[in-house]
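Chain letters run A, B, ... following the sequence lines, proteins first and then strands; every chain starts at 1.
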Amino acid sequence: AQSVTQPDIHITVSEGASLELRCNYSYGATPYLFWYVQSPGQGLQLLLKYFSGDTLVQGIKGFEAEFKRSQSSFNLRKPSVHWSDAAEYFCALRAYNQGGKLIFGQGTELSVKP
Amino acid sequence: DTAVSQTPKYLVTQMGNDKSIKCEQNLGHDTMYWYKQDSKKFLKIMFSYNNKELIINETVPNRFSPKSPDKAHLNLHINSLELGDSAVYFCASSQGGQGGDTQYFGPGTRLTVL
């Protein structure tokens with residue numbers, strides 16, 4: 001069965017420090033992969049997505065993610081975190097021929113220390 | 001000019017009542033979705049419609065009935081509300097129902113059943 005795992009429930013980083021949020025997936029082929037961010041009380045905003053081509057994907061707000069087929073991973077990175085990045089981050093996959101549904105990981109809550 | 005809007009934003013009601021949540025998108029998309037986010041922030045697909053046709057019904061109790069009067073609207077009606085229905089419900093839309101299409105999310109409706 002398809003699934004997405006985000007091993008870290010909560011991460012705290014200092015402002016200006018680098019960030020890496022982990023995402024592992026289980027799927028029989030290469031899925032479409034997404035990272036969304038949810039600020040408190042808000043909906044989800046797409047940060048970036050991968051579906052083919054270059055395995056390093058650039059997104060909005062200075063985020064990037066790298067798809068590694070051998071590790072079934074799609075980790076999100078940012079070189080320097082800003083206080084406004086504090087939010088919940090969700091990794092998701094979309095399988096083929098399943099009506100377009102997104103399968104989400106459990107989410108990682110990011111806190112930023114001043 | 002909100003892309004995906006939901007009403008109401010908050011809904012507090014008693015067990016056993018019937019309530020509806022409305023969703024509208026002005027993006028011209030063909031596919032709309034309902035997701036449920038539980039108290040642990042886990043997101044799960046409930047329904048998907050493509051051009052007013054039901055595509056996904058993800059083992060949701062039949063107390064939940066989606067209705068799509070046109071492709072810009074997807075409403076969610078819930079009968080005989082139970083405590084376990086308390087959650088945040090997100091509407092989303094995408095151009096198609098497959099591939100790397102981005103799903104755009106509404107701001108969510110927080111439902112509290114007392």
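- Of the listed residues (A/Gly43, A/Gly105, A/Ser52), the greatest number of heavy-atom pairs within a distance under 4.5 Å of chain B belongs to A/Gly43.
- Residue with the most contacts toward chain B among A/Gln106, A/Lys49, A/Gln42, A/Glu109: A/Lys49 (heavy-atom pairs, distance under 4.5 Å).
- Note: the hydrophobic cluster containing B/Tyr35 does not contain B/Tyr10 (ILVMFWY, side chain heavy atoms under 4.5 Å, direct or indirect links).
- Hydrophobic clustering, with ILVMFWY side chains joined whenever heavy atoms are under 4.5 angstrom apart, keeps B/Phe90 apart from B/Met32.
- B/Tyr104 and A/Tyr89 fall into different hydrophobic clusters, where Ile, Leu, Val, Met, Phe, Trp and Tyr side chains are chained together by heavy-atom contacts under 4.5 Å.
- Using a distance-only test at 3.5 Å, with no hydrogens or angles considered, no donor-acceptor pair links the side chain of B/Arg110 to the main chain of A/Gly41.
- Within a 6.0 Å sphere centred on CD of B/Glu53, heavy atoms belonging to other residues, nucleotides or ligands number 12 at most.
- When heavy atoms are compared at a cutoff of 4.5 Å, A/Tyr50 does not approach chain B at all.
- Atom NZ of B/Lys41 is separated from atom CD1 of A/Ile9 by 11.0 Å, given to the nearest 0.5 angstrom.
- In this structure, chain A has no heavy atom under 4.5 Å from any part of B/Lys44.
- A/Phe104 and B/Phe42 get closest at one heavy-atom pair: O-CE1, 3.5 Å.
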- Message: Could you go through B/Gln37 and A/Phe90, starting from their C-alpha distance and side-chain angles, then the distance that decides it, and tell me whether this counts as side-chain contact (heavy atoms from CB on, under 4.5 Å)?
- Response: CA-CA 12 Å; B/Gln37 185 174 46; A/Phe90 292 95; 3.5 Å; yes
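- With hydrophobic clusters built from ILVMFWY side chains whose heavy atoms lie under 4.5 angstrom apart, A/Leu56 does not share a cluster with A/Leu21.
- For B/Lys71, the NZ atom is densely surrounded, since the number of other residues' heavy atoms within 6.0 Å is greater than 12.
- Both the backbone and the side chain of B/Thr102 come within contact range of chain A, judged by heavy atoms closer than 4.5 Å.
- Most heavy-atom pairs under 4.5 Å with chain A: of the set B/Ile56, B/Ile45, B/Val88, this distinction falls to B/Ile56.
- In this structure, B/Leu114 is not a member of the same hydrophobic cluster as B/Met15, with clusters built from ILVMFWY side-chain heavy atoms closer than 4.5 Å.
- Taking the side chain as every heavy atom from C-beta outward, B/Ile55 and A/Lys101 never approach each other to under 4.5 Å.
- Exactly one of A/Leu44, A/Leu102, A/Ile103 qualifies for a side chain to side chain contact (heavy atoms under 4.5 Å, CB included) with B/Leu43. That residue is A/Leu44.
- Neither the backbone nor the side chain of B/Gln6 comes within contact range of chain A, judged by heavy atoms closer than 4.5 Å.
- More than 12 heavy atoms of other residues, nucleotides or ligands shown are found within 6.0 angstrom of NZ on B/Lys9.
- Neither the backbone nor the side chain of A/Gln45 comes within contact range of chain B; no heavy atom of the residue lies under 4.5 Å from a heavy atom of that chain.
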